[in-house]
Asks: 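I'd like to ask you about the structure that follows.
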2 protein chains.
Amino acid sequence: MQDRKLISKAVINRLPRYYRYLGLLKDQGVEHISSGDFSRMMKVTASQIRQDLNHFGGFGQQGYGYNVDKLYEEIGKILGLDRVYHTIVIGAGRIGQAIGSYEGFSNRGFRMEALFDRDPAKHGDEVGSGIKIYPLSYLKEYLKTHKVDIAAVAIPSEAANAVVPILVEGGVEAIWNFAHTDFDVPDNVIVQSVHLSESLMQLSYKIVHH
Amino acid sequence: MQDRKLISKAVINRLPRYYRYLGLLKDQGVEHISSGDFSRMMKVTASQIRQDLNHFGGFGQQGYGYNVDKLYEEIGKILGLDRVYHTIVIGAGRIGQAIGSYEGFSNRGFRMEALFDRDPAKHGDEVGSGIKIYPLSYLKEYLKTHKVDIAAVAIPSEAANAVVPILVEGGVEAIWNFAHTDFDVPDNVIVQSVHLSESLMQLSYKIVHH
DNA sequence: TAGATTGTTAATCGATTAACAATC
DNA sequence: TAGATTGTTAATCGATTAACAATC
């Protein structure tokens with residue numbers, strides 16, 4: 001897909017937060033907001049907000065501010081929230097089940113369609129609104145008959161390293177990684193990692209050095 | 001605590017990843033590694049590694065490289081992993097239980113000592129290696145009689161906003177936040193957030209724009 | 001010693017902030 | 001219109017990369 005202009009990585013990482021705050025404003029029925037007010041709400045500079053939003057153009061108006069509804073919708077589109085992502089979860093442990101059953105994701109188009117686990121005791125169980133847990137050994141077959149956009153990987157590192165080639169081979173477009181490891185995948189496969197232990201270490205750093 | 005030199009935010013965020021890779025090298029019995037080899041392993045530039053590690057000084061040696069054991073230990077200290085953090089978890093849902101029971105955290109000094117939940121059906125239950133679930137209403141009292149360094153908050157945003165003042169009032173030093181919201185806390189309280197939905201949106205952005 | 005590799009300075013690149021003319 | 005506020009350029013700040021002399 002072609003971008004209007006090239007949007008920098010730093011801006012992209014901020015978009016979901018803008019989106020969240022715009023959602024709050026929308027719920028409150030706010031129609032428009034100035035970069036100044038928005039900056040106080042979000043605790044960033046007004047200058048940064050104007051620079052960032054300007055990439056998308058046309059939602060600000062001098063003397064008035066930004067149209068909340070339009071901006072919310074536009075940022076949603078840019079984030080790819082106007083489509084459906086067929087999503088599976090590898091690992092039906094506590095993290096895997098949490099992801100598979102969280103309604104907030106499906107509300108945004110991340111449709112949870114299957115969980116996979118090696119534990120036979122879990123096979124056939126359901127999570128959330130009827131998402132089935134399948135044997136991990138069925139994954140390969142599943143990928144042959146189902147298009148999968150995103151696979152969330154919520155199993156230990158070693159097992160994860162064994163599963164990833166199956167996902168790649170099976171045509172999964174993106175991996176949402178919760179294992180404490182980095183994957184080696186072809187360029188066309190996207191990996192987005194949530195390294196919880198790294199987050200916790202950044203926290204302990206802050207405790208020790210403040 | 002006083003830093004030797006001022007270490008930039010970007011470097012700090014990379015430290016846990018260095019630490020993880022050094023742990024792997026240590027397990028493999030590697031005694032020393034050059035910035036060149038390390039850069040190929042970690043897929044960053046050798047220049048960045050030398051710049052980063054140079055902040056701590058004394059672990060590199062010309063013609064030899066870096067001593068793995070010493071560097072691992074030193075970075076561990078800088079990250080604050082040489083001490084114990086009394087840790088509690090607010091919310092005994094799937095995320096809360098996952099955090100409370102994960103052995104990897106306690107192995108690094110993050111001692112999980114109690115969970116709190118408002119659901120009476122869970123009160124008295126145990127998670128992981130005997131960590132009890134208490135009523136949320138007992139939290140205030142608990143904080144009076146126990147020193148808590150870190151509280152992981154794994155409940156929905158609204159409930160979280162109600163609990164945070166109790167944590168702050170109770171002298172909790174740092175909050176590890178899993179709710180989809182930002183907290184307003186005094187300067188001396190640290191907040192480290194894991195915004196899963198934001199991570200997922202960054203992922204969908206990459207899918208749509210690659 | 002000769003070769004390898006760091007420590008560190010300088011150059012480049014990118015991101016943030018400030019400022020203000022344009023304009024609703 | 002006058003006031004408010006954006007869009008956008010220029011200035012600043014910070015982070016990354018390149019280069020090479022120092023040195024083990």
Asks: How many Å lie between CD1 on A:Ile7 and P on C:dA15, as a whole number?
Replies: 12 Å
Asks: Given the structure, check if the side chain of A:Gln51 and the base of C:dT16 hold any donor-acceptor pair shorter than 3.5 Å.
Replies: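 Side chain to base: no pair below 3.5 Å.
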Asks: Listing time: all N or O pairs from protein to nucleotides 20-24 of chain C that are below 3.5 Å?
Replies:
unit_1 : atom_1 : unit_2  : atom_2 : d
C:dC24 : O3'    : A:Gln61 : OE1    : 3.2
C:dC24 : O2     : A:Gln62 : O      : 3.3

Asks: How bent is the helix from C:dG3-D:dC24 to C:dC24-D:dG3, comparing axes over its five end pairs at each side, to the nearest 10°?
Replies: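 Between the first-five-pair axis and the last-five-pair axis there is 20°.
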Asks: Measure the distance from CG on B:Asn54 to P on C:dT5 and round it to the nearest whole Å.
Replies: 17 Å
Asks: Which one, C:dG7, D:dT16, C:dT16, comes nearest to the side chain of A:Arg14?
Replies: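 Shortest atom-to-atom distance from the side chain points to C:dT16.
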Asks: Sequence neighbours left out, what passes side chain to side chain donor-acceptor pair (under 3.5 Å) with B:Lys43? Give chain and number order.
Replies: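 Applying side chain to side chain donor-acceptor pair (under 3.5 Å) to B:Lys43 gives A:Asp184.
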Asks: Starting from C1' on C:dT6, measure out to CG on B:Leu71 and report it in whole angstrom.
Replies: 13 Å
Asks: Can you name the side-chain contact (heavy atoms from CB on, under 4.5 Å) partners of B:Ala159, sequence neighbours left out?
Replies: B:Ile155
Asks: Using atom CG of A:Asn13 as one end and atom P of C:dA15 as the other, report the distance to the nearest whole Å.
Replies: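 Between P of C:dA15 and CG of A:Asn13: 10 Å.
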Asks: Going by the rule side chain to side chain donor-acceptor pair (under 3.5 Å), which residues pair with B:Ser101 if we only count those two or more places apart in sequence or in a different chain?
Replies: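 Listed in chain order: A:Arg94.
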Asks: For B:Ile12 and D:dG14, give me the distance from atom CD1 to atom C1', rounded to whole Å.
Replies: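 From B:Ile12 CD1 to D:dG14 C1': 14 Å.
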Asks: Can you list the residues that meet the side-chain contact (heavy atoms from CB on, under 4.5 Å) rule with A:Thr45, with sequence neighbours excluded?
Replies: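 With neighbours one apart ignored, the set is A:Ser47, A:Gln48.
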Asks: Could you tell me the separation between the NE2 atom of B:His55 and the C1' atom of C:dT6, rounded to a whole number of Å?
Replies: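 The answer, rounded to whole Å, is 15 Å.
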Asks: If the condition is ring-ring contact (aromatic ring centres under 6.0 Å, His included), which residues does A:Tyr21 pass it with, not counting sequence neighbours?
Replies: none
Asks: ring-ring contact (aromatic ring centres under 6.0 Å, His included) with A:Phe105: which residues, sequence neighbours excluded?
Replies: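 A:Phe105 satisfies ring-ring contact (aromatic ring centres under 6.0 Å, His included) with A:Tyr102, A:Trp176 only.
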Asks: Applying side chain to side chain donor-acceptor pair (under 3.5 Å), name anything that partners B:Lys147, two or more places apart in sequence or on another chain.
Replies: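 For B:Lys147 the side chain to side chain donor-acceptor pair (under 3.5 Å) partners, ignoring immediate neighbours, are B:Asp149.
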Asks: How long is the line joining CG of B:Leu53 and C1' of D:dT17, in whole Å?
Replies: 16 Å
Asks: Is the count of non-hydrogen atoms from other residues, nucleotides or ligands lying under 6.0 Å from B:Glu113 atom CD greater than 12?
Replies: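 For B:Glu113, atom CD is crowded (more than 12 foreign heavy atoms under 6.0 Å).
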Asks: Output the residues of residues 26-49 of chain A in contact with DNA chain C, where contact means a heavy atom of the residue under 4.0 Å from an atom of the strand; sort by number or write none.
Replies: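 Hits under 4.0 Å, by residue number: A:Thr45, A:Ser47, A:Gln48.
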Asks: Output all residues satisfying side-chain contact (heavy atoms from CB on, under 4.5 Å) with A:Ala174, sequence neighbours left out; order by chain, then residue number.
Replies: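 Expected list: A:Ile150, A:Ile190, B:Leu203, B:Ile207.
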Asks: List for me each residue that meets side chain to side chain donor-acceptor pair (under 3.5 Å) alongside A:Ser35, sequence neighbours excluded, and say none if there are none.
Replies: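 Only A:Arg50 meet the side chain to side chain donor-acceptor pair (under 3.5 Å) criterion with A:Ser35.
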Asks: Can you measure from CG (B:Asp52) to OG (B:Ser8) and round to the nearest 0.5 angstrom?
Replies: 7.5 Å
Asks: Output the rounded distance in Å from CG (B:Asn67) to C1' (C:dT6).
Replies: 14 Å
